[in-house]
**Q** 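Right, I'll just put the structure down here and ask away after.
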Amino acid sequence: MKRRLDQLVASTDHAARREADPVGFVHRYADPADKEVVGLVAAGLAFGNVVAIRRSVQRVLDTLGPSPAAAVDERTPARLRRDLKGFVHRVWKGEHVAAMLANAGAIRRSHGSLGQRFTDHVETSGDLREGLARFADELRGPNADRSLRHLVPDPRAGSACKRLLLYVRWMVRPADGVDLGLWPLDPSHLVIPVDTHIHRIGKNLGLTDRNDASWRTAEEITDALRVIDRSDPVRYDFALCHMGVSRDCPSRRDPVKCKPCVLRPVCRAYRAG
Ligand code: SF4
């Protein structure tokens, strides 16, 4: 399995895929402070149609100006709300994104960076899930309505929290042209961001038998990948996810799509026929 997954990573055109991925926005900025704020926006809004996601992320970044970190650090919550008035992406309005960004600014002013605060939470709680939950509590703030709770979900509630885990993967995993290695946390702690693609491919490869895209499924897939790479279990996420995004992996054996797949020898779905 490891050899095949390594082949998949080696055969993935990371540069081309990165540009089509929300993480591409993060790479446009040089300052680590801007990168962590842009990552929060890009991962936070990574829900729905790819074209709409890109349009919405760009709209928020245009509003924040050349230094998104300076904008969230300096602008008041009322100013951010005003700046994002009229913004809509799926169930989220400008006021929800503004609340998340205002809270991000408050965290940065108190703790120096989002990464430092997140890492402190993981280390003091001794647990990625609880550390992420405490971090999300602060990003969401008190009295959050349903849409804001959806924008910044609570990992304790059991959902896969794909967008939060995606953000953390970008910031924590070693820099490899996609992920950035900005936050001082050991990548062995990470949990894979499970969406419909990772769930399907995870089942095809026998990494999980679970039918729900939940936190438990994310942990189960991560545990299976940890056997392959204990120090960096989510290193295959980008390549696997883009295999799904580009519709290269069906949910059942497909003679045409499966023929060129490097994972074919280790694919349970392919063997099942
Ligand atoms: S062999 Fe087919 S079903 Fe299995 S991982 Fe590859 S493309 Fe997906």
Side-chain angles (χ1 to χ4, degrees), residues 14 18 21-46 57 60-61 64 67-73 100-141 151-156 160-194 198 215 218-219 222 225-226 229-238 241:
H14 285 74
R18 188 181 89 181
D21 189 282
V23 75
F25 286 100
V26 185
H27 287 271
R28 295 180 190 172
Y29 293 78
D31 187 329
D34 290 325
K35 286 178 189 283
E36 71 170 14
V37 172
V38 173
L40 179 66
V41 173
L45 297 178
V57 173
V60 174
L61 296 180
L64 295 178
S67 173
V72 302
D73 291 353
M100 179 181 75
L101 293 175
N103 292 327
I107 294 170
R108 286 178 42 78
R109 287 191 296 276
S110 299
H111 303 281
S113 71
L114 297 173
Q116 191 56 56
R117 187 58 170 158
F118 168 72
T119 304
D120 289 346
H121 278 316
V122 175
E123 287 176 353
T124 53
S125 66
D127 179 61
L128 185 283
R129 184 179 189 173
E130 178 55 27
L132 185 60
R134 293 179 190 182
F135 182 62
D137 288 345
E138 292 178 346
L139 284 174
R140 197 184 313 112
L151 178 62
V152 188
D154 183 351
R156 303 179 192 96
C161 296
K162 176 239 172 181
R163 290 171 292 108
L164 278 175
L165 288 171
L166 182 64
Y167 176 43
V168 168
R169 192 204 87 203
W170 292 349
M171 296 296 126
V172 169
R173 275 208 66 250
D176 62 357
V178 175
D179 298 322
L180 296 119
L182 291 177
W183 289 0
L185 187 79
D186 188 328
S188 66
H189 294 297
L190 294 175
V191 173
I192 196 163
V194 168
I198 290 295
W215 186 278
E219 284 186 328
T222 306
L225 292 172
R226 198 168 270 125
D229 191 332
R230 173 167 290 280
S231 64
D232 189 8
V234 307
R235 65 185 290 252
Y236 302 110
D237 177 48
F238 184 78
C241 186

**Q** Any side-chain heavy atom of Val191 within less than 4.5 Å of one from Leu132?
**A**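 No, too far: nothing below the 4.5 Å cut-off.
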**Q** To the nearest 0.5 Å, what is the distance between CG (Leu190) and CE (Met171)?
**A**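 These two atoms lie 12.0 Å from each other.
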**Q** Only one of Leu128, Val194, Thr222 clears side chain to side chain contact (heavy atoms under 4.5 Å, CB included) with Leu165; which?
**A**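 Per the side chain to side chain contact (heavy atoms under 4.5 Å, CB included) rule, the option paired with Leu165 is Leu128, out of Leu128, Val194, Thr222.
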**Q** For the residue pair Val38 and Pro68, what are the closest heavy atoms and their distance?
**A** CG2-CG, 3.7 Å
**Q** Are the charged groups of Arg134 and Asp120 less than 4.0 angstrom apart, N to O?
**A**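 Here Arg134 does not pair with Asp120 in a salt bridge, since their nearest N and O are not under 4.0 Å apart.
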**Q** What class does the angle between the rings of Phe238 and His14 fall in, given that below 30° is parallel, 30 to 60° is tilted and above 60° is perpendicular?
**A** parallel
**Q** Could you state the interatomic distance from CG (Asp34) to CZ (Arg28), rounded to the nearest 0.5 Å?
**A** 13.5 Å
**Q** State which residue, out of Val41, Val57, Leu45, fulfils the side chain to side chain contact (heavy atoms under 4.5 Å, CB included) condition with Phe25.
**A** Val57
**Q** Measuring from Trp170:CH2 to His27:NE2, what's the distance to the nearest 0.5 Å?
**A** 8.5 Å
**Q** If the threshold is 4.0 Å, N to carboxylate O, is there a salt bridge linking Asp127 and Arg129?
**A**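 A salt bridge is absent here (no side-chain N lies under 4.0 Å from a carboxylate O).
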**Q** At what distance, to the nearest 0.5 angstrom, does CG of Asp21 lie from CG of Leu166?
**A** 7.0 Å
**Q** Got a second to check how far Asp232's CG is from Asp186's CG, nearest 0.5 Å?
**A** 9.0 Å
**Q** Please step through salt bridge (charged side-chain N to carboxylate O under 4.0 Å, His left out) for the pair Asp137 and Arg156, ending with a clear verdict.
**A** CA-CA 11 Å; Asp137 288 345; Arg156 303 179 192 96; 2.9 Å; yes
**Q** Examine distances only and state if a side-chain atom of Glu36 and a backbone atom of Leu114 form a donor-acceptor pair shorter than 3.5 Å.
**A** yes
**Q** Does the plane of the ring in Phe118 sit parallel, tilted or perpendicular to the ring in Trp183? Use 30° and 60° as the thresholds.
**A** tilted
**Q** From Ile198 CD1 over to Ile192 CD1, what is the distance, rounded to the nearest 0.5 angstrom?
**A**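 Between Ile198 CD1 and Ile192 CD1, I get 4.5 Å after rounding to 0.5 Å.
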**Q** Could Asp229 and Arg226 be called an ion pair, given the rule that one side-chain N must be under 4.0 Å from one carboxylate O?
**A**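 A salt bridge is absent here (no side-chain N lies under 4.0 Å from a carboxylate O).
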